[in-house]
Amino acid sequence: MSQKVRVRFAPSPTGPLHIGGVRTALYNFLFAKKHNGVFCLRIEDTDQARYVEGAEDYIKETLAWLGLEPDEGPGYGGEFGPYRQSERKEIYQKYAGELLKRGKAYYAFDTQEELDARRKMEAERGNHTFKYDAYSRKEMKNSLTLSDEEVGKRIAAGEPYVIRLLVPENDTVTFEDLVRGQVTFETSELDDKVLIKADGMPTYHMANIIDDHLMEISHVIRGEEWLPSTGHHVLLYKAFGWADSIPHFAHLPLILKPNGKGKLSKRDGAKFGIPVFPLEWNGNNELDHFPGFREYGFLPEAVINFLAFLGWNPGTDEELFTLEQLCEVFSLDKIHKGGARFDFEKARWYNHQYIQQTDDGELASLIRPMLKAHGLNPSRDFLVKVCGLLKERCHLLSDFWENGAWFFEEVKEYDLENVKKRWNTELKGHFDKLIAELDSMQSFDAPGLESKVKAFINENGLKMGQVLPLLRIALAGTMKGPGVFETMEVFGKSETLARIKKAVALFGGITDQ
RNA sequence: GGCCCGUUCGUCUAGGGGUUAGGACAUCACUCUUUCAAGGUGAAGACACGGGUUCGAUUCCCGUACGGGCUACCA
């Protein structure tokens with residue numbers, strides 16, 4: 001690639017960043033890094049009606065959490081700013097004037113109401129849906145049908161107008177998509193897109209082309225929903241006389257709902273019980289509140305890895321890649337063409353893998369806020385050890401609490417069904433004796449405990465199954481969990497004995513009933 | 001409706017004119033084990049359909065079906 005690689009992630013700040021958008025950001029980032037290029041963030045806030053306070057910060061926070069820091073963008077520096085489209089209004093106006101002068105665009109005075117009425121009428125006739133195009137523009141109110149004098153008068157009078165692209169008749173637009181190959185559109189199918197809205201702001205199509213050109217974007221990597229309007233975009237580049245520097249396009253497959261019916265959307269989070277946003281979002285009202293991958297207990301590394309493989313793969317059997325490794329192996333030609341369903345189980349599996357790879361100390365730090373929320377504040381040393389014992393059975397960070405709350409607070413509920421099955425009064429004496437023996441131990445480490453308890457079982461003619469399960473329930477309340485001896489070691493002698501004594505007393509009461 | 005894009009195990013996918021169609025998740029079995037996991041071993045499981053082209057098509061071409069996207073003064 002002789003040309004300097006410059007890519008951009010251009011979200012619209014209309015709410016929390018969708019997970020599909022995050023993947024687009026990731027692919028842009030990976031492509032930039034792979035080719036020693038530049039990754040820009042551009043905020044596409046041309047629609048003031050849909051603008052949402054806090055959305056831009058949310059986007060930046062997401063990129064920071066995932067390690068996808070932009071090289072250029074609002075607040076990140078760069079020579080091509082401003083990077084917020086709302087701050088570039090004059091630029092678009094200037095270029096719109098240029099297009100008008102070249103005869104590639106025209107003024108249109110049809111109001112929204114008039115257009116709606118026209119569409120409705122056409123629909124009722126059962127004909128094709130109305131398009132503002134080469135045929136219909138001849139009967140609309142615009143600078144093509146009105147005299148120059150009339151147009152001048154209307155503008156001078158302050159009548160609202162839009163500027164539309166004059167799509168050439170009977171032409172063919174073709175471009176090479178890096179993912180899909182050649183894509184072709186007939187201009188007769190394309191409508192005269194609005195370029196500048198009545199409020200003076202540009203539409204996506206206008207702002208996008210000008211900014212990509214001015215910011216010297218080499219590759220446009222975006223979602224498949226943009227494929228149908230790419231014909232207009234190519235037309236625009238040509239209208240500006242920028243045909244020689246049209247960027248390369250790569251349209252990404254969509255991320256579909258878990259059931260495959262349509263693209264993943266905001267509401268699917270609650271519907272399927274899955275996260276669809278990277279981070280928690282708190283909007284203005286109670287309904288506008290969503291947890292994110294982070295709040296579900298995902299590690300950023302896992303989210304990156306999972307997302308990278310949704311629609312792409314390196315062509316080998318390896319599936320675990322760090323961001324750095326992805327930067328090296330990523331390539332656009334390995335992007336799959338078909339949409340990919342969101343598979344939450346796979347996401348959980350990735351997270352499980354990364355939890356295993358994370359060291360116990362770091363896990364302890366990640367877990368602590370959750371414990372604090374429960375009013376608990378265990379010692380660092382204890383917490384680190386517990387993380388070590390628990391991590392191989394945790395898929396999400398929240399599982400540390402789900403599976404191991406009993407480590408941090410007293411047992412809330414004993415598995416009485418199993419106690420009833422296993423406990424008998426005869427065992428009481430054995431347990432009292434065992435408690436005394438444990439109490440006499442000098443050190444309290446897992447191997448020592450294991451040989452001690454096993455010897456005790458043998459000496460007293462007992463079986464492992466008679467003692468160990470009850471010991472486990474005494475300590476944890478449940479049959480599930482890490483090794484009994486490791487657990488005892490982590491608890492230490494006094495806590496271990498306290499728990500066993502309390503449980504033994506309780507078990508006696510149960511079977512007496 | 002129109003336009004554009006797509007279609008390999010349930011899911012994510014590899015592959016590509018001649019393969020026992022490979023891997024991963026999930027599922028099941030066995031194993032390990034004091035439990036639950038993890039690990040190990042194994043099982044089951046796919047080329048949407050119909051025509052071509054070809055000695056041969058899952059692979060190339062054309063249709064059909066199905067799915068998705070777009071069809072705003074939203075992005």
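Chain identifiers are assigned alphabetically (A, B, ...) following the order of the sequence lines, protein sequences preceding nucleic acid strands; residue numbering begins at 1 within each chain. All values derive from a computational prediction rather than experimental measurement.
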Rounding to a whole Å, what distance do you find between [X]:[atom1] and [N]:[atom2]?
{"X": "A:Lys263", "N": "B:G69", "atom1": "NZ", "atom2": "C1'", "result": "7 Å"}
{"X": "A:Gln85", "N": "B:A75", "atom1": "CD", "atom2": "P", "result": "9 Å"}
{"X": "A:Leu195", "N": "B:C74", "atom1": "CG", "atom2": "C1'", "result": "15 Å"}

Between [options], which nucleotide gets closest to the side-chain atoms of [X]?
{"X": "A:Glu44", "options": "B:A75, B:A24, B:U34", "answer": "B:A75"}
{"X": "A:Ala340", "options": "B:C25, B:U13, B:U34", "answer": "B:U13"}
{"X": "A:Asp317", "options": "B:G23, B:C74, B:C4", "answer": "B:G23"}
{"X": "A:Trp349", "options": "B:U34, B:A72, B:A26", "answer": "B:A26"}
{"X": "A:Asn313", "options": "B:C36, B:U13, B:G69", "answer": "B:U13"}
{"X": "A:Arg50", "options": "B:A14, B:C74, B:U11", "answer": "B:C74"}
{"X": "A:Glu224", "options": "B:G68, B:A75, B:A72", "answer": "B:G68"}
{"X": "A:His336", "options": "B:C5, B:A14, B:C74", "answer": "B:A14"}
{"X": "A:Arg341", "options": "B:C5, B:C73, B:C12", "answer": "B:C12"}
{"X": "A:Tyr204", "options": "B:C12, B:C36, B:A75", "answer": "B:A75"}

Checking all strands, does [X] fall into the base, sugar-phosphate, or nothing category for heavy-atom contacts under 4.0 angstrom?
{"X": "A:Asp110", "result": "base"}
{"X": "A:Arg164", "result": "sugar-phosphate"}
{"X": "A:Lys334", "result": "sugar-phosphate"}
{"X": "A:His251", "result": "nothing"}
{"X": "A:Gly465", "result": "nothing"}
{"X": "A:Thr46", "result": "sugar-phosphate"}
{"X": "A:Gly223", "result": "nothing"}
{"X": "A:Val183", "result": "sugar-phosphate"}
{"X": "A:Tyr350", "result": "nothing"}
{"X": "A:Pro160", "result": "nothing"}
{"X": "A:Gly311", "result": "sugar-phosphate"}
{"X": "A:Thr478", "result": "nothing"}

Please report the distance separating the [atom1] of [N] from the corresponding atom of [M], rounded so that it comes out in whole Å.
{"N": "B:G67", "M": "B:U11", "atom1": "C1'", "answer": "16 Å"}
{"N": "B:A65", "M": "B:U19", "atom1": "P", "answer": "32 Å"}
{"N": "B:A26", "M": "B:U64", "atom1": "C1'", "answer": "33 Å"}
{"N": "B:G50", "M": "B:G2", "atom1": "P", "answer": "26 Å"}

Looking only at side chains, do [X] and [Y] share a donor and an acceptor under 3.5 Å apart?
{"X": "A:Arg222", "Y": "A:His251", "value": "yes"}
{"X": "A:Ser86", "Y": "A:Asp45", "value": "yes"}
{"X": "A:Asp211", "Y": "A:Gln85", "value": "yes"}

Residue matched to B:G45 through Watson-Crick or wobble contacts both under 3.5 angstrom: none
Should the side chain of A:Arg180 and the base of B:C5 be counted as holding a donor-acceptor pair, with the cut-off at 3.5 Å? no
List the steps, then state whether salt bridge (charged side-chain N to carboxylate O under 4.0 Å, His left out) holds for A:Glu437 with A:Lys433. CA-CA 6 Å; A:Glu437 286 209 25; A:Lys433 207 169 133 198; 5.3 Å; no
Apply salt bridge (charged side-chain N to carboxylate O under 4.0 Å, His left out) to residues A:Glu450 and A:Lys454 and explain how you reach the verdict. CA-CA 6 Å; A:Glu450 180 163 2; A:Lys454 283 186 173 167; 2.6 Å; yes
Applying the side chain to side chain contact (heavy atoms under 4.5 Å, CB included) test to A:Val490, which of A:Thr496, A:Leu475, A:Val386 qualifies?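 It is A:Val386, the one option of A:Thr496, A:Leu475, A:Val386 that forms the side chain to side chain contact (heavy atoms under 4.5 Å, CB included) with A:Val490.
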Test: A:Arg42 cationic atom under 6.0 Å from A:Tyr83 six-membered ring centre, within 45° of axis: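 The answer is no, since A:Arg42 fails at least one limit relative to A:Tyr83.
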N or O in side chain of A:Lys346 less than 4.0 angstrom from B:G10 OP1/OP2: no
Respond yes when some side-chain nitrogen or oxygen of A:Arg472 is under 4.0 Å from OP1 or OP2 of B:C36, and no when none is.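 For B:C36, neither OP1 nor OP2 has a side-chain N or O of A:Arg472 closer than 4.0 Å.
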